[in-house]
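Values below: all heavy atoms of this structure, side chains included; hydrogens, waters and symmetry mates excluded. Given the structure is predicted, the values throughout are model-derived calculations rather than measurements.
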Amino acid sequence: MDQTAMPQRDPLVWCAVIALGFVAIAWHGLLIPKKLYFDEIHYIPAARKLLHLLPANREHPLLGKEILAISLKLLGDAPLAWRLPSLLFGGLGLFAFGRLTWWLSGRRFATIAAMLLLASDFAWFIQSRIAMLDMFAAALLMVALWQFAAAMRRARRPRLRLALSGLFMGLALGAKWSVLPLLPLPGLTFLCLYLRKDRLNNDFPSISLIEAGVWLSLVPMVIYWVTFAPALFYPTEATRITLLGFVEQHRQMLALQESVLRPHQYQSVWYEWVINWRPIWYLYENIQGAQRGVLLLGNPLTMLAGLGALAWCGWAAWRHGRTDALAFAVLYLVGMGFWISAMKPVQFYYHYLLPGTFLMGCLALALDALFARGGRRRWGALAGVAASLAIFAWFHPIISASALTAGKVSYQRWMWMNSWR
């Protein structure tokens, strides 16, 4: 680490403690319900078929289903095997997000705050407890961005870190295409910094542009291709993916992605995600002796406060040259831009998982700027993080399938807006 650029003490231990604490909290009630719910009904059957080298759920890449299939093979076809992989990747992704924040900002409070804000933003918690593909892609992307940010900060072994960044970018794309618009950003960032390296006081990794292109472009493509290896062995020629049929396979995948036209009662659009207007009920029924619910909603405080923090990041990047603020703002805007322009006709709030994650990074930096000013402002920054945790605790029963005590009308306690019903 460049101690000149990053004089504060690395909160590595805190990052590990927070990630482990998150996993412990999310573990409680992980096996409820004991049946498949929401989109688990698509991905677990697909994983079962993959164990027998049979194609299923062909609109998505294979890696996420491969991870689920391995879990089924090792742990048996039961709730623990369905959901444990998402939980472990949720903890890994949260830790990686903390490390990303540290290497971008060098700010101790910002790093700890970012992890606590993400852990309590509801979406990361819920997606870490369900057998879907989103957490695999999100966690692997966070690792890739962490390694790239560390390499650019002159961490030890920058060449290895660039290689790892490319490796995890390929794996993230192999889990779900939702990461695709974000993958060019490390390469573009390296190019911009490379062109300015003479003005960076030689504080730039001794890696050529060609080599960086290999690690950040070629390696991800190769790794992504390798994740399709099981499809080379499908039993029938009609379903098998050949080396020359890889492009055609992707045309079919894209067509399947765009073919879902039937309206859904919980579908939403990007501007409804931004204002936290239209969540999704993953579960709400009497099950295992009690009324239980899982409402995919954003934290009502931080998702809205994050919008102000996004504007602050834009100002801080322009006025003070804050590259950390610029990075999180760009990551958010690129992630949102993808869904605004996407040809996928039916969209849902869970597509906001990645933009919402980077929004928590923006909010953490804004609170850190407040914290750094000292005095009462420091208490204000601490209060912001504490309020996020308190709201998470209040909503925990309705986002974790906990037993609710008021029967079918229990949900009304948390319905702050009619659009949430």
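Taking the side chain as every heavy atom from C-beta outward, Tyr352 and Met303 approach each other to under 4.5 Å. Within the 4.5 Å cutoff, the side chain of Phe338 has no heavy atoms near those of the Leu182 side chain. Annotation: side chain of Leu404 is not in contact with side chain of Arg413 (no heavy-atom distance under 4.5 Å). Contact check for Leu50 versus Pro230: side-chain heavy atoms found under the 4.5 Å cut-off. Here the side chains of Ser388 and Leu116 are not in contact, with every heavy-atom distance at 4.5 Å or above. Between Tyr224 and Leu171, every side-chain heavy-atom pair lies at or beyond the 4.5 Å cut-off. Side-chain contact between Trp420 and Tyr411: absent, with no pair of heavy atoms (C-beta onward) separated by less than 4.5 Å. Annotation: side chain of Leu296 is not in contact with side chain of Phe348 (no heavy-atom distance under 4.5 Å).
Applying the 6.0 Å contact sphere to CH2 of Trp414 captures more than 12 heavy atoms from other residues, nucleotides or ligands. Other residues, nucleotides and ligands place more than 12 heavy atoms under 6.0 Å from the NE2 atom of His250.
Gln252 places no side-chain N or O within 3.5 Å of a backbone atom of Gln249 that could act as its donor or acceptor partner. In terms of modelled atom types and a separation under 3.5 Å, the side chain of Lys176 and the main chain of Met132 share no donor-acceptor contact. One N or O on the side chain of Trp339 and one on the backbone of His351 form a donor-acceptor pair closer than 3.5 Å. A donor-acceptor distance shorter than 3.5 angstrom exists from the side chain of Ser86 to the backbone of Ile130, with no hydrogens or angles considered. With hydrogens and angles disregarded, no donor-acceptor distance shorter than 3.5 Å links the side chain of Arg322 to the backbone of Ser105. Using a distance-only test at 3.5 Å, with no hydrogens or angles considered, no donor-acceptor pair links the side chain of Ser217 to the main chain of Val214. Side-chain N or O atoms of Asn276 include none that pairs as donor or acceptor with a backbone N or O of Leu304 at under 3.5 Å. Under a 3.5 Å cut-off, the side chain of Glu272 and the backbone N or O of Trp277 do not form any donor-acceptor pair. At least one donor-acceptor pair closer than 3.5 Å links the side chain of Arg278 to the backbone N or O of Ser419. Proximity of a side-chain donor or acceptor of Asn57 to a complementary backbone N or O of His42 within less than 3.5 Å is not detected.
Here the straight-line distance linking atom CZ of Arg83 with atom CG of Leu68 works out to 11.5 Å at 0.5 Å rounding. One finds the OH atom of Tyr37 at 10.5 Å from the CG atom of Asp39 (value rounded to the nearest 0.5 Å). Between the CG atom of Leu87 and the CG atom of Leu92 there is a distance of 11.5 Å, given to the nearest 0.5 Å. Note that CH2 of Trp215 and CZ of Arg159 are 8.0 Å apart. Values are rounded to the nearest 0.5 Å. Taking CG from Leu72 and CD1 from Ile44, the interatomic distance works out to 5.5 Å, rounded to the nearest 0.5 Å. Remark: Leu117 CG to Ile112 CD1 distance equals 11.5 Å, nearest 0.5 Å.
Applying the side-chain contact (heavy atoms from CB on, under 4.5 Å) test between Arg99 and each of Val143, Leu12, Leu145 identifies Leu12 as the sole match.
Listed by first and then second residue, the side chain to side chain donor-acceptor pair (under 3.5 Å) pairs that reach into residues 281-292 are Lys35-Glu285, Gln127-Tyr282, sequence neighbours excluded.
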| task | Test side-chain contact (heavy atoms from CB on, under 4.5 Å) on Glu211 and Leu209 and set out the steps. | result | CA-CA 6 Å; Glu211 182 184 354; Leu209 200 57; over 6 Å; no
| message | Determine whether Leu100 and Phe328 satisfy the following criterion, side-chain contact (heavy atoms from CB on, under 4.5 Å), listing intermediate values before the conclusion. | response | CA-CA 10 Å; Leu100 169 64; Phe328 276 127; 4.2 Å; yes
| request: Check the pair Leu63, Ile67 against side-chain contact (heavy atoms from CB on, under 4.5 Å), reporting the backbone distance first and the verdict last. | output: CA-CA 6 Å; Leu63 181 62; Ile67 294 170; 4.2 Å; yes
| request: Please lay out, stage by stage, how Trp416 and Phe395 fare under the test ring-ring contact (aromatic ring centres under 6.0 Å, His included). | output: CA-CA 11 Å; Trp416 292 5; Phe395 274 86; 5.1 Å; yes
| message | Would Ile25 and Phe22 count as a side-chain contact (heavy atoms from CB on, under 4.5 Å) here? Give the steps. | response | CA-CA 5 Å; Ile25 293 171; Phe22 172 83; 6.0 Å; no
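When all heavy atoms of Leu354 and Ser178 are compared, the closest pair comes out as CD1-O, 4.2 Å. In plain terms, the two heavy atoms of Trp102 and Gln8 that are nearest each other are CH2-O, 3.2 Å. Closest of all the heavy-atom pairs between Phe148 and Ser165 is CB-OG, 3.5 Å. Across Phe89 and Met135, no two heavy atoms sit closer than the pair C-CG, 4.1 Å. Residues Thr227 and Gly174 approach most closely at OG1-CA, 3.9 Å, considering heavy atoms. For the pair Leu216 and Gly166, the tightest heavy-atom approach, listed with the atom from each and the gap, is CD2-N, 4.4 Å.
Counting only N and O atoms by type, the side chains of Trp273 and Ser268 include a donor and acceptor under 3.5 Å apart.
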May I have the list of side-chain donor-acceptor pairs in residues 360-382 shorter than 3.5 Å, sequence neighbours left out?
| residue | atom | partner | partner atom | Å |
| --- | --- | --- | --- | --- |
| Asp368 | OD1 | Ala110 | N | 3.4 |
| Asp368 | OD2 | Arg107 | NE | 2.9 |
| Arg378 | NE | Phe371 | O | 3.4 |

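By the side-chain hydrogen bond (donor to acceptor under 3.5 Å, both in side chains) test, Thr189 pairs with no residue at all, sequence neighbours left out.
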